[in-house]
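For reference, the structure discussed in these notes is given below.
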Amino acid sequence: MLDDGKITAQESAELLNALGQSAQPRAAQSAPAPHRKTALVGLALLVIGFFLPWFVIKVGDVQSAMNNLMSQMPMAQNMPNVSGMLPQGMTVSITGGDIGHGLGWCVLLLGIVAAALPFVAANLDSRTCQKTCLIALGAGAIILIYLLTENIRFAGIGLLLVLAGYALEFIGALKARELDWVRAG
């Protein structure tokens with residue numbers, strides 16, 4: 001346009017300067033913010049932990065507990081001993097997908113929703129997005145605490161990774177909320 005005489009040299013310099021300034025924010029938006037990186041690391045731990053054993057139950061432990069219970073019951077004295085009924089040395093591993101009533105899947109889906117919502121619903125108000133993420137993480141944390149308290153004796157590495165993933169996602173959501181307060185204030 002400068003060669004055709006449609007604009008002056010000063011106008012062309014202003015256009016190039018404006019184009020250079022508008023290209024910089026796009027590059028900054030392509031890399032996730034640090035609080036979102038924290039949430040994504042938490043999501044990765046959650047997904048890995050979902051497929052690892054949440055609970056590891058040794059049949060010998062269950063067997064001895066049942067024998068102790070039977071010995072304390074007066075009516076159970078006439079019943080046969082349970083020790084021959086269960087296989088010896090067997091270990092049962094329960095992963096997140098095997099948890100009853102779909103609670104493991106709920107934990108996984110709530111964690112995915114909380115981590116993916118800022119990326120998927122970019123046009124959503126930031127406060128609404130943050131509240132939705134915190135509600136999803138809170139519901140998942142309640143389920144995790146329930147599962148942990150029911151079987152804390154048999155907790156495995158997978159459940160610990162899922163808890164760590166949720167903790168990182170909570171930290172990311174709280175940092176996003178703090179950053180939003182700083183921008184508003």
Side-chain angles (χ1 to χ4, degrees), residues 25 28-66 68-69 86 89-185:
Q29 288 177 352
S30 65
H35 62 276
R36 288 193 178 162
K37 287 180 183 178
T38 304
L40 291 176
V41 169
L43 177 63
L45 285 176
L46 172 66
V47 171
I48 291 169
F50 181 78
F51 294 105
L52 292 175
W54 283 25
F55 300 105
V56 179
I57 302 169
K58 294 179 182 172
V59 175
D61 293 344
V62 174
Q63 192 171 357
S64 64
M66 286 176 62
N68 287 339
L69 182 65
L86 297 173
M90 189 171 132
T91 302
V92 178
S93 296
I94 301 170
T95 62
D98 299 331
I99 302 294
H101 307 291
L103 292 178
W105 288 101
C106 287
V107 167
L108 178 67
L109 291 176
L110 288 168
I112 290 172
V113 165
L117 192 63
F119 297 102
V120 175
N123 58 349
L124 191 64
D125 178 34
S126 66
R127 289 188 183 209
T128 305
C129 183
Q130 291 165 4
K131 286 180 184 178
T132 306
C133 289
L134 288 173
I135 289 170
L137 289 171
I142 289 171
I143 295 170
L144 279 173
I145 291 170
Y146 166 74
L147 291 172
L148 188 61
T149 57
E150 287 292 313
N151 300 305
I152 194 164
R153 185 171 155 204
F154 304 113
I157 187 71
L159 187 61
L160 298 176
L161 282 177
V162 170
L163 285 169
Y166 260 80
L168 286 175
E169 285 193 45
F170 264 121
I171 291 169
L174 292 176
K175 282 184 180 179
R177 192 171 191 177
E178 182 181 304
L179 184 63
D180 194 37
W181 284 342
V182 168
R183 287 180 187 162

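The first residue of the sequence shown is numbered 1, and numbering continues consecutively from there.
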Worked verdict on Val162 versus Leu52 for side-chain contact (heavy atoms from CB on, under 4.5 Å): CA-CA 10 Å; Val162 170; Leu52 292 175; over 6 Å; no
[atom2] on [Y] to [atom1] on [X], rounded to 0.5 Å:
{"X": "Phe170", "Y": "Cys133", "atom1": "CZ", "atom2": "SG", "result": "10.5 Å"}
{"X": "Ile112", "Y": "Leu108", "atom1": "CD1", "atom2": "CG", "result": "4.0 Å"}
{"X": "Leu124", "Y": "Leu117", "atom1": "CG", "atom2": "CG", "result": "6.0 Å"}
{"X": "Leu168", "Y": "His35", "atom1": "CG", "atom2": "NE2", "result": "14.0 Å"}
{"X": "Glu169", "Y": "Leu134", "atom1": "CD", "atom2": "CG", "result": "11.0 Å"}
{"X": "Leu163", "Y": "Trp54", "atom1": "CG", "atom2": "CH2", "result": "8.5 Å"}

Given Ile152, Ile94, Thr95, Asp98, the one that forms side-chain contact (heavy atoms from CB on, under 4.5 Å) with Phe55: Ile94
Residue pair Trp105 / Ile99, side-chain heavy-atom distance below 4.5 Å: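 Side-chain contact under 4.5 Å: no.
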Side-chain heavy-atom pair Val107, Leu46 within 4.5 angstrom cut-off: yes
Taking all heavy atoms of [X] and all of [Y], pick out the closest pair and write down the distance.
{"X": "Thr38", "Y": "Gly172", "answer": "CG2-N, 4.1 Å"}
{"X": "Cys106", "Y": "Ile143", "answer": "CB-CD1, 4.0 Å"}
{"X": "Leu110", "Y": "Gly140", "answer": "CD1-N, 3.5 Å"}
{"X": "Ser93", "Y": "Pro53", "answer": "CB-CB, 4.0 Å"}

Pair Ile145-Ile142, side-chain contact (heavy atoms from CB on, under 4.5 Å): steps then yes or no: CA-CA 5 Å; Ile145 291 170; Ile142 289 171; 5.8 Å; no
